[in-house]
Amino acid sequence: MSDAAVASRGPIEGLARACHPVPAAAVTVLAAAMAVGAGRGPVGTLLTGGAVAAGQLSIGWSNDLIDRRRDEAAGRSDKPLAVGEVAGRRVAASTCWAVACCVLLSAACGVAAATVHLVAVAAGWVYNLRLKATWWSWLPYALAFALLPAFVTLALPGRPWPAAPVLGAGALLGVAAHFANVLPDLAADRAANIRGLPQRAGARASALTAVLAATAAALLLAPGWPVLAVTAPPALAALLAPRGRLPFLAVIAATAVALGLLLLNGGLRNGS
C-alpha cells in the first residue's frame, strides 16, 4: 500500500479495519439472532448483541496489537497498525474500553451468562496471545462458539443450558469459522511465521475441514438429505477452488442452514 493511500484514510477507518469487522459482525449477528429465537426480548437481545460486539472488538484489536511487530516485519499492508494507519495507543485505549463494556454488558445478563461469555472472550485472547501459532489454534474457536448459545440461554429464567446437539454444533461451527477465516491469509500468515493448524495443513485440507465441519454442524441439528442438498453444492465448489472465497461462502451457507434450523426448531434450550 502506498503512503498516499494510507494518508487518505483517517484513524477512525483504520481503527474499524483493525477490529476484524467482518467476523466480529458475523458473530454479533449470530448471537443476536439466537437471542431473538430464545425469546430474550428487545432489551435482552440488545444486551446480548452489545456484550458480544464488545468482546469481539476486544479480540480483534488485541490481535493486531499483539501481532504488530510481526506484521510490520512481514510487510502486511492489510494491517492498519503495521502501515501506520492508526496509532497503537488509540487501538490499545479502544481495546480497554471494549473489555470494560464487555464485562458490564455481560454482567447485566446475569452471573451465569456473564461467566460463560467472559470465558469465551478469554479463549479468543488466549488464541491471540499463544495458540494461533500452534497446532491447537482451532481449540479457542471451538470453545468460544460452543459457549455462545450458552450465553444466550443462561440469561433466561431458570438458567438452562443449551441442548447437547446445540453445544456440539457450536463447537463445529467454531472450527469451520477458524479454517474458513484463515484461508484467504494463508500465504501472508506463513510469511509472518504464524503456524496454526490451517497454515500447516494447507489450502485444500483447510477448505475441506471448514466445509465438513460446517456441514456436520447442520446435520447435528437436523440429520437428513435436505440439509445435504443445500450444503453439498457449495461444498463441492469449495473443494475445487480452495484458495478463493468459495470455502468461506460454503461455510456461510452451511452456517445459515444450521442457524435457521436452530431458530425454527426452538432448540436452544436443553430438553426443548
Side-chain angles (χ1 to χ4, degrees), residues 15 18-32 34-35 40 44 47-68 70 81 88 91-156 159 161-162 166-182 189 194-198 213 217 268:
L15 189 63
C19 77
H20 300 218
V22 173
V27 175
T28 300
V29 170
L30 175 63
M34 286 193 292
R40 287 278 281 128
L47 288 173
T48 299
V52 171
Q56 290 301 303
L57 289 173
S58 80
I59 293 170
W61 282 326
S62 65
N63 181 286
D64 278 18
L65 276 172
I66 292 166
D67 288 347
R68 180 179 183 180
R70 181 159 49 186
L81 271 170
V91 178
S94 299
T95 303
C96 292
W97 278 108
V99 170
C101 290
C102 178
V103 172
L104 291 174
L105 292 170
S106 297
C109 296
V111 174
T115 299
V116 298
H117 184 233
L118 295 178
V119 169
V121 174
W125 276 73
V126 171
Y127 171 83
N128 291 342
L129 289 165
R130 173 62 181 165
L131 293 186
K132 72 180 295 181
T134 73
W135 288 90
W136 297 97
S137 60
W138 56 273
L139 184 58
Y141 273 80
L143 176 61
F145 273 70
L147 291 179
L148 192 60
F151 175 45
V152 174
T153 61
L154 288 172
L156 294 169
R159 298 188 294 276
W161 275 86
V166 175
L167 294 173
L172 286 167
L173 287 176
V175 173
H178 174 45
F179 279 84
N181 190 50
V182 168
D189 286 343
I194 297 174
R195 299 284 178 174
L197 186 55
L268 271 177

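Sequential numbering from 1 along the given sequence is applied to the chain's residues.
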Under the 3.5 angstrom rule, does the side chain of [X] hit a backbone N or O of [Y] as a donor-acceptor pair?
X      : Y      : value
Trp61  : Ala93  : no
Asn128 : Ile59  : yes
Ser137 : Ala133 : no

Pairing residues for Phe145 by the ring pair (Phe, Tyr, Trp, His ring centres under 6.0 Å) criterion, not counting sequence neighbours:
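In terms of ring pair (Phe, Tyr, Trp, His ring centres under 6.0 Å), with neighbours along the sequence ignored, Phe145 is linked to no residue.
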Phe179: what forms a ring pair (Phe, Tyr, Trp, His ring centres under 6.0 Å) with it, not counting sequence neighbours?
none
Considering all heavy atoms of both residues, which atom of [X] and which atom of [Y] are nearest to each other, and what is their separation?
X      : Y      : result
Asn181 : Pro23  : OD1-CG, 4.1 Å
Gly88  : Leu65  : O-CD2, 3.7 Å
Thr48  : Ala31  : CG2-O, 4.0 Å
Ala120 : Ala144 : O-CB, 3.7 Å
Ser106 : Ala51  : OG-CB, 3.6 Å
Tyr141 : Gly174 : CB-O, 3.3 Å

Within the structure provided, determine whether [X] and [Y] are in side-chain contact (heavy-atom separation under 4.5 Å).
X      : Y      : answer
Thr134 : Arg195 : no
Pro198 : His178 : yes
Trp125 : Pro140 : no

For the [atom1] atom of [X] and the [atom2] atom of [Y], what is their distance to the nearest 0.5 Å?
X      : Y      : atom1 : atom2 : result
Leu47  : Phe151 : CG    : CZ    : 8.0 Å
Leu30  : Leu148 : CG    : CG    : 5.5 Å
Asn63  : His20  : CG    : NE2   : 4.0 Å
Lys132 : Tyr127 : NZ    : OH    : 5.0 Å
Trp138 : Leu197 : CH2   : CG    : 9.0 Å
Leu147 : Leu154 : CG    : CG    : 9.0 Å

Return a table of donor-acceptor pairs under 3.5 angstrom between the side chains of residues 94-102 and protein atoms on other chains or two or more places apart.
from: Ser94; atom 1: OG; to: Arg90; atom 2: O; distance (Å): 2.9
from: Thr95; atom 1: OG1; to: Val91; atom 2: O; distance (Å): 2.7

